[in-house]
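Protein chains get the first letters and strands the later ones, always in sequence-line order, with residue 1 at the start of each.
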Amino acid sequence: MTYIPQRPPVQYKGLSLVIARLATWLGGIVIPLLLQLAWPVFIAAIVVIVAFVWVVGRFINPLLPWIVRDFIVVVGLLAFACIVAIIGIWGERKVAGRIQSRLGPMRTGVWHGWAQSLADGLKFVQKEDLIPREADGPLFRLAPYIALVPAFCAYLALPFGVGWVFRDADVSLLFVLAMLAIEVLGVIMGGWASNSKWSLYGAMREGCQLVSYEIPMGLSLLAAVAATGSVSLVQLGEAQSGGWFSWLIFRNPFLFFAFFTYYVASLASCKRSPFDLPEGESELVAGFHTEYSGFRFVMFFFAEYVAMFAVSALATIIFLGGWHSPVGGPSTPLWFLIKSTFLVWVQMWIRWTLPRIRIDQVMHACVKYLLPFTLLLFLGSSLWQLIDNPTHPVFEGFAHLLHYGLGVIGLLLLGLYFAGMVYGYWNRNRLVGQMARKHLPGA
Amino acid sequence: MLETVIFFLFAAVAVVAGLAILLSTNIVRMAYWLIAMLISVAGLYFLMGAYFLGVIQILVYVGGVAVLLVFGVMLTSRQLAPRLRPGPGEALWLVVVATVLLIGLILSVTHARFDQGAIVASNSVAEIGHSLLGDFLGPFELASVLLLVALLGAAYLARPKAPVQGAQQRKGTAI
Amino acid sequence: MKEIELHSQPDLLHDGEVPSDIRTEEIMLNMGPQHPSTHGVLRVVLQTDGELVLKATPYIGYLHRCAEKIAEKVTYRQFTPYTDRLDYLSAMNNNLGYALAVEKLGGIEVPPRADYLRVIFAELNRIASHLVAIGSYGLDMGAYTPLVYSFREREWIMDLFEAACGARLTCSYITIGGIREDVPEGWVQQCREFLDYFESKIADYNNLLSYNHIFVNRTANVGICPADLAVAYGLTGPCLRGSGVAWDLRKATPYCRYNEFDFDIPVGQGANGTLGDCWDRYFVRVLEMVQSVRIIRQALDKLTEGPVQTKVPRIMKLPAGVVYYEVENPRGQLGFHLVSDGGTSPYRLKIRGPSFCNLSVLPVLAPNCLLADIAALIGSIDVVMGEVDR
Amino acid sequence: MTPLEIIELLKKHDADSVVVAVADGPYPHVVITAEKLVKVADFLKTEPRLRFDLLRCISAVDWPAKNSIELAYDLISTSLGHAFAFKVLLDRADPQVESVGGVWPAAQWHEREAFDLMGVTFLHHPDLRRILMPEDWPGHPLRKDYQDVAEYRGLKFKP
C-alpha cells in the first residue's frame, strides 16, 4: 500500500478562530445586502462624511477640513506612487521584451498584457510567505516596511507643479534625500534577518554601496543648489522657468556634468543595473530578498520602482526644469511626468544592456572617480557665480555664450536619440533579422 | 491640540526605544531600537519647526552613522554576545553611577525655567548657512579637522592585515 | 563528509586586550548544486574572508548516470544515444567521436558524402554550443540580453537539426558506419541561408558584449591560467587555446577529412588584460564560430552525391583489441578508450570528458578571486556537468 | 616520431622497465613495471625529443580472468604532435601504484576516479577521495564482479 501523506488538519486556535468565525458570519449578512443597494449606500456614505466634516469644521475645530484635505492628498500621493510602481513593473517587462527582440507580456489583459503587474500582485498575495526557521522573526517581518515607507514618504515633498505639492518645506530637497537614505536600513535588516550567508552578503554589499553613493549624489545636487541658492524644490523649479535654455542643466558646464554624475549615483542608490549587486542574481541567487516570498517580496519589489521614479523626479525638477515646457507653452505637471518617465525609461534601458560590475569596482568608481569629480563640480558651480553676474559685462557675455552652447549640445543629444529611434524603426527587418520576423507576428 | 498628541507620540517612542536599548540582549535589535529613537528625535525637531535640523538628523545619523553602526554590529555580533550580561561586580558599579546621574537629571529638570517663547519658523537654512560660516567659523573648521583625524584613525585600523600573498592577479584588495 | 578544517573558534575579546589588528573570521560558503551560475549541478565549497575567496573545493558526481557501466551491457550500436547525453549541448560531436572510435577499431569504411555531412553537422553543433556558452556567460555577468539573441540564432540551427534527424538536442544522428538517413532536399539551401544570416550577427555580439567596457573589466585579469598550467592540468579546447597554446585536434591529428578544409585556429592574444584570462577564453569561442562558418561553407561546396551509410550488421562484433580516439569537441578533446574482447558489446569504455579536466583547474585559479569572479571563472571554463559526471 | 622510435628510445633509456612493447595496430603502447612508473613518466615528459606534456586519460580496466587491473595512460605532445600510451598491470586483490600527479597534475582527478570506480589506491596522492560516488558508498561499481547494493541510507533498490 503506497503511503500518501495526508495534510495535517489545520486547527485555528484562540482569537484568530473567533475573528474568523465572526467575520464570515457578519460578512454573510452584510455583503449581499450591500450589493443590492450598492449605489444608494455609496452616495449616502459620502453625504454623511461631508456633513460630518462641515459640522465639525464649523463648530469644533476649524482645522479639520484642512486635515481632511491633507489626508486626501496623502492618499492620492500614495495611489500615484502605487500606479507608478505598477506601470513601472509592466513597462520594464515590455521594454525588456522590445530590447531582446521579443514581445514581453501579451496575454494578461487585452491590449499588450497591461494587467500583468496586477496579475503578479494577485499571484504574490496568495503565495505563502515563508519565514526561515532561525530567522530573526520581528526584524524579518519589519524589513519590507522600512524599505517601502520611506520611498513613499519621499513623494510628500516632491512638487509636481507650483501648487501641486503636499507640504512645501524649504528643505524639501534634503527631505527627499533623507527619505531615500532610510531605505538602506530596511534592506540591511532584511538581509541580516533571513539568516542565510547569501543574503548577508547582499546586505553587506547594499550597505557599502548606498552609503558611499549618497555623497556624490548629494554633492552633485549641491552643485545645483549653489547655482540657484535655495534648497527648496519649488524654488529650484521656479528658477528654471523659460524655455529650453534656461534649464539648470545648461546653466554652466559644471552643472551639465553634475546631471550625469547625479544620474549615475542615483542608479546606484536604487540598486539598478549596473550597480544591482545587492540582488546580483548570478552570484547571490537573489541577494537580500532570497528568503522573502509572497507579499513581503512584493514590498521590496515595489520599493525599488517607487524609489526609481522618485529619484528621476528629483533629477527632472532640479536639472531638467521640472514642470516647465521646453518650447515655452504653459508649465503643467504633465511636462514633469513626461520628463520623469523618460528618465525612468533610460534606467530600464541601461538595465537591459549593461552587465553588472563587481563590488570592489563599485567602491573604486565611487571613491576614486565619482567623489573627486563631484567635488570639482560643486567647486566649479559655486565659483561660476562670480562670472555669471551682471557687474562684469565681459564675463557675463562669455557666460551667456557658454550657456547657449550647452543648450545646443543638449539639443544635439536629443536629436541623436530620436535619430537612433527612427533608424531602428526604419530598418527593423534587417536588425531584428528574418528569424524573429517569422516567429513574432507582432514585431 | 493635534501637535500635543503627535509630540507625546514621538516622545513616547523615544523613551520606549531608549529603554529597549538598555534592556534587550540581542545586539542587532539594540541597534535598530537606537535607529527608532533617532527617527523619533528627528520627528521632535520637525515639530519644533527646525526642519533643517530634523532632515540633517535623519540624513546624517540614520542614513550614515546608524547604517555603519548596524554594519559593524552585524559582523561582530558573535564575539560580543556573551559580554553583554553584566557580571556581579559590574552590577554594583552600574547602580552607583545610575543613581548619581538620576539625581543630577532631576535637579536640572526641576530648576530649569521653561518659558513659552514662540518659535520663529523662518527660512532657517539660509540663516544657518550664514551663521555657520559667519560667527561660528572657528568651531566649524575645528570639527572638520577632528573628523579628518577620526577618518585617518579608522583607515589605519582597518588597513589590510598583511598584503594578501599569492594575489597573482592584483594587489590585495581586502574588503 | 570530510570536514574542511576551519580556523579554531576565535577566542573572545578578553578584558584589557586591544587587538593590534582586526582579525576577521572566515566564512564557509556552500555554492551548492542548485546555484544560478554553476551551469548545472556542480557544488563548490568556498572558504571566504569577506568577499575574497581563499579556497574553493569543487564536489562533482550529482549527475553521475553510470554511462560506462551501461556501455558494458549494451551493444555497440545501442550505446549511441547515451553519447548524446554526455555533453548534452553538442550531441553531434559526441556521436562523431564514438562512431569514429568504433570504426577505427572495427576498420569500417565510411562513404565520402557521410564524411562531409558529419563535418557539417559537427560544426553546426559547435556553433550552437558556443552560442549557449556566450549567452549564459553574459548572463553570469548580469547582461540579460545577449542570452536571448544567442538563443534566437541557435533556434535556426535547431530547426536545421530537426529537419535532418527529427530531434533538436539529442540527435543520435551520426551512427557507426555513416549517418542515419540523408538530409532532405532543400536542406542545403536553408543551411546556406543560415550561414549568410549568422555571419553578420557575430559582429552584433562583439559590440553588445565582447567589447563592452564593464564586461571587459569583469573578465580581464580574472582567473589567469598560464599556458604551462593549462597543459599541466590537461585543459583542452577553448580553455587551452585561450591561454595561447595553438593546439586543435582538427589540425594536429586531422580526422574525418578535416585536412581538406582550410581554416585557422583562433588563439588567445591577451588583447584585454593578460594572456589566459577569462576574456581570452570567451573571445576564442567567438572567433571559433567564425571559423566553423568557413568550414561548413567549404564542406557544403564539396558535398558529393552517394550513399550515406555502409552496410553494418545490427549486432556487430568488433575484433579483440584496444583503441583510444579523440575528437575536438566545442569544450575540448572528447576521448573514447574502447577495449573490446571480440564480443557484441564493449568490454570497457572509458570516456574522457573535456569539462572533467577543465574543471580540475578551478581550485588552482580560485584563490584570491572575489565572489563575483567565481561566477566569471566557472562561466569561462564553460562546464557541462553531463560529461563531467558521465 | 613513430611509435617504434619512441619504444626504441625508451628501451635505450631504461631497458628493464619495459615488459611488453607493441608498435603496430590501432593502439601502439608499452607495458611498464609498476615500480618504474614515475621514472618513466618523468622521462616521457622531460625528454626533449618526446615532450609528452598533455596526459589525456587514465583508464582502469578490470581483467578478472588474468586477476589483474590494468591502468592505461594516454599521452600526447602539444609541441611535437605525436601520441603514445603506456600501461601498468596491477594485482587485482590489492591494486596499488605510485601517483603521477607530480609529473602531470591532470592525473589527480583521473586517479581519484580510478580509485572511486575501480578501487586502485594511488600512493602520495594529495587528496585521494571518491569523486563521483558518495563518500561512504560500499564497493567499486566498475569492477566486473560488482554486486549492486540493495539498500543505501534508507533508499531501497530492486536488484
Side-chain angles (χ1 to χ4, degrees), chain A residues 60-61 63-64 66-67 136-139 142-143 146 149-150 153 157 167 169-189 191-193 200-201 203-208 210-212 214-215 218 225 229-232 235 269 358-364, chain B residues 1-3 5-6 20 24 26-36 38-39 42-43 45-46 49-75 77 121-130 155 169-175:
Chain A
I60 301 162
N61 173 354
L63 271 181
L64 188 68
W66 291 106
I67 294 171
D136 191 333
L139 288 187
L142 190 62
I146 298 223
V149 166
C153 293
R167 186 69 76 231
D170 56 1
V171 280
S172 47
L173 169 63
L174 293 178
F175 180 81
V176 173
L177 274 184
M179 285 305 134
L180 293 179
I182 298 182
E183 211 182 320
V184 182
L185 294 167
V187 170
I188 291 182
M189 191 194 280
W192 164 262
L200 185 63
Y201 269 103
M204 288 303 136
R205 289 181 174 182
E206 169 76 15
C208 313
L210 256 102
V211 170
S212 55
E214 256 167 51
I215 303 164
V225 166
S230 111
V231 187
S232 144
Q235 277 152 25
S269 85
R358 239 191 354 234
I359 181 68
D360 63 328
Q361 288 164 349
V362 167
M363 289 301 131
H364 286 296
Chain B
M1 194 274 293
L2 195 62
E3 283 79 12
V5 165
I6 296 180
S24 73
N26 176 339
I27 191 159
V28 177
R29 296 232 178 106
M30 290 161 88
Y32 278 107
W33 279 119
L34 173 66
I35 290 166
L38 289 174
I39 292 182
Y45 287 145
F46 280 125
Y51 300 115
F52 182 73
L53 197 57
V55 164
I56 289 299
Q57 161 95 353
I58 292 183
L59 197 57
V60 171
Y61 269 102
V62 172
V65 169
V67 166
L68 294 185
L69 187 106
V70 164
F71 218 60
V73 151
M74 274 198 273
L75 290 182
S77 60
S122 68
N123 178 352
S124 55
V125 178
E127 274 169 33
I128 291 174
H130 290 309
Q169 284 98 353
R170 76 191 81 75
K171 57 185 178 352
T173 52
I175 292 302

* **Val70(B) portion near chain A, given a 4.5 angstrom heavy-atom threshold** => side chain
* Measure the shortest side-chain to side-chain distance between Arg29(B) and Asp136(A) over non-hydrogen atoms and say whether it is less than 4.5 angstrom. => yes
* Structure fact -> Applying a strict 4.5 Å limit to non-hydrogen atoms, the region of Ile67(A) in contact with chain B is side chain
* **From Arg167(A) atom CZ to Tyr51(B) atom OH, the distance as rounded to the nearest 0.5 Å** => 8.0 Å
* So, for Gly207(A) and Phe71(B), which heavy atoms are closest and what is the spacing to 0.1 Å? -> CA-CE1, 3.6 Å
* **Stepwise side chain to side chain contact (heavy atoms under 4.5 Å, CB included) test for Val28(B) and Met189(A)** => CA-CA 9 Å; Val28(B) 177; Met189(A) 191 194 280; over 6 Å; no
* Asked: How close do Val211(A) and Gly63(B) get, heavy atom to heavy atom, and via which atoms?
  -> CG2-O, 4.1 Å
* Segment of Leu139(A) engaging chain B (4.5 angstrom heavy-atom cut-off) -> side chain
* Asked: Got a second to check how far Leu59(B)'s CG is from Leu180(A)'s CG, nearest 0.5 Å?
  -> 10.0 Å
* Assess whether atom OH of Tyr61(B) is packed by more than 12 heavy atoms of other residues, nucleotides or ligands within 6.0 Å. => no
* To the nearest 0.5 Å, what is the distance between OH (Tyr32(B)) and CG (Leu142(A))? -> 9.0 Å
* Specify the closest pair of heavy atoms between Asp170(A) and Val125(B), including all atoms of both residues, with the distance to one decimal. => O-CG2, 4.3 Å
* From CD1 (Ile39(B)) to CD1 (Ile182(A)), nearest 0.5 Å -> 4.5 Å
